[in-house]
**Student:** 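Next up is a structure, given as structure tokens.
If you read the sequence from its start, that first residue is 1, and numbering goes on from there.
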Amino acid sequence: MDNNASGSGGKGGFGSLFGGSDYSNTELAGVPLTGMSPLSPYLNVDPRYLVQDTDEFILPTGASKTRGRFELAFFTIGGCCITGAAFGTVNGLRMGLKETREMGWTKPRNVQILNMVTRQGASWANTLGSVALLYSIFGVAIEKARGAEDDINTMAAGTLTGMLFKSTGGLKGVARGGLVGLAMSGAYALYGNWNHIRGGSSSSSLY
């Protein structure tokens, strides 16, 4: 009896020493521990303070939680270069096999196919990378000029990119490139806001 009493008293003494109340298994059973293993009942910590419902990041003063156009420009340019290189490689292989189908599987044919693959891969990577570079430059410039980030910047940057990319084809080429850039950037903006549009239409149909 004395030992049990002294043990319980020692337990209470340690709990009071660290300035908190003890938690039993019964009390911890009702505490949600999402993604965490059950804590020991001897820890003098309320597990409710360890569960975070939202992400916490240290951001500079005035910084946004989403990446801006300048940060996304590097990803856009690199992704377009890689995509162009992959597409050009496949296209070059197709063209090389088609142009050398009369030849046997000899070393000259392999060299010709390899040259076609590398030429087409570099050409498509350069083309898509240049388009992505122009689009990123126009997007960042328009965002800085307007002081806002919305779909107007996306469509304006796409239109200007198409016009400048086809500027060597005269007025018709400029107009055609601007229309293509406007259509592609408009489709991208529509895709990005599709869930918002569907949500607005479904909520309005309820009334």
Side-chain angles (χ1 to χ4, degrees), residues 55 57 59-60 63-198:
D55 297 333
F57 301 97
L59 298 174
S64 175
K65 291 185 177 181
T66 59
R67 295 181 180 179
R69 285 186 177 268
F70 183 77
E71 290 81 5
L72 293 176
F74 301 97
F75 171 78
T76 303
I77 298 171
C80 287
C81 288
I82 295 175
T83 302
F87 181 80
T89 300
V90 175
N91 188 41
L93 180 61
R94 180 188 63 83
M95 295 175 60
L97 293 175
K98 182 178 179 181
E99 293 182 1
T100 60
R101 59 186 175 183
E102 301 296 335
M103 303 172 59
W105 285 104
T106 58
K107 186 175 181 180
R109 184 186 184 187
N110 296 336
V111 172
Q112 189 171 352
I113 293 175
L114 182 61
N115 291 337
M116 187 67 68
V117 167
T118 54
R119 189 181 303 114
Q120 288 292 318
S123 177
W124 279 94
N126 186 26
T127 300
L128 292 185
S130 300
V131 172
L133 178 62
L134 293 176
Y135 172 78
S136 300
I137 291 176
F138 281 127
V140 172
I142 295 174
E143 179 186 3
K144 296 299 182 181
R146 295 184 64 240
E149 172 56 32
D150 49 21
D151 294 332
I152 297 178
N153 298 347
T154 300
M155 299 179 67
T159 304
L160 292 176
T161 300
M163 294 174 63
L164 184 60
F165 187 75
K166 289 294 184 179
S167 60
T168 57
L171 294 178
K172 291 184 178 180
V174 171
R176 191 180 300 111
L179 290 177
V180 172
L182 178 62
M184 294 181 65
S185 59
Y188 176 76
L190 182 62
Y191 172 77
N193 295 307
W194 183 251
N195 292 332
H196 179 70
I197 295 175
R198 291 187 59 184

**Student:** Is the side chain of N115 donor-acceptor paired with the backbone N or O of V111 at a distance under 3.5 Å, no angle test?
**Tutor:** yes
**Student:** Donor-acceptor check, side chain of S185 to backbone of G181, threshold 3.5 angstrom: yes or no?
**Tutor:** yes
**Student:** Working to the nearest 0.5 angstrom, can you tell me the gap between Q112 CD and T106 OG1?
**Tutor:** 9.5 Å
**Student:** Work out which heavy atom in R109 is nearest to a heavy atom in L97; give both atom names and the distance.
**Tutor:** NH2-O, 3.8 Å
**Student:** For a quick test of reading the model, state the closest non-hydrogen atom pair linking C81 to G129 and the distance between them.
**Tutor:** SG-CA, 3.6 Å
**Student:** W124 versus T89: any side-chain heavy-atom pair under 4.5 Å?
**Tutor:** no
**Student:** Are side-chain heavy atoms of C80 and V131 found at a separation under 4.5 Å?
**Tutor:** no
**Student:** Quick check: are there more than 12 heavy atoms from other residues, nucleotides or ligands sitting under 6.0 Å from CE of M184?
**Tutor:** no
**Student:** For the residue pair N91 and Q120, what are the closest heavy atoms and their distance?
**Tutor:** ND2-OE1, 3.3 Å
**Student:** Nearest 0.5 Å, please: how far is CD1 in I137 from CD1 in I77?
**Tutor:** 7.0 Å
**Student:** To check you understand the geometry: which heavy-atom pair defines the closest contact between E143 and N153, and what is its length?
**Tutor:** CA-ND2, 3.8 Å
**Student:** State the CG-CZ distance between L160 and F165, to the nearest 0.5 angstrom.
**Tutor:** 15.0 Å
**Student:** Going from CE on M103 to CZ on R101, what distance comes out if it is rounded to the nearest 0.5 angstrom?
**Tutor:** 13.5 Å
**Student:** Could you check whether any side-chain heavy atom of F87 comes within less than 4.5 Å of a side-chain heavy atom of L128, counting everything from C-beta outward?
**Tutor:** no
**Student:** T161 and Y135: which non-hydrogen atoms are nearest, and at how many Å?
**Tutor:** OG1-CA, 3.2 Å
**Student:** I need the minimum non-hydrogen distance between T76 and A132, along with the two atoms involved.
**Tutor:** O-CB, 3.9 Å
**Student:** Taking the side chain as every heavy atom from C-beta outward, state whether V180 and K166 have any atom pair closer than 4.5 Å.
**Tutor:** no
**Student:** Measure the CG-NZ distance between L114 and K107 for me, rounded to the nearest 0.5 Å.
**Tutor:** 11.5 Å
**Student:** CD/E149 to NZ/K144 distance, rounded to the nearest 0.5 angstrom?
**Tutor:** 10.5 Å
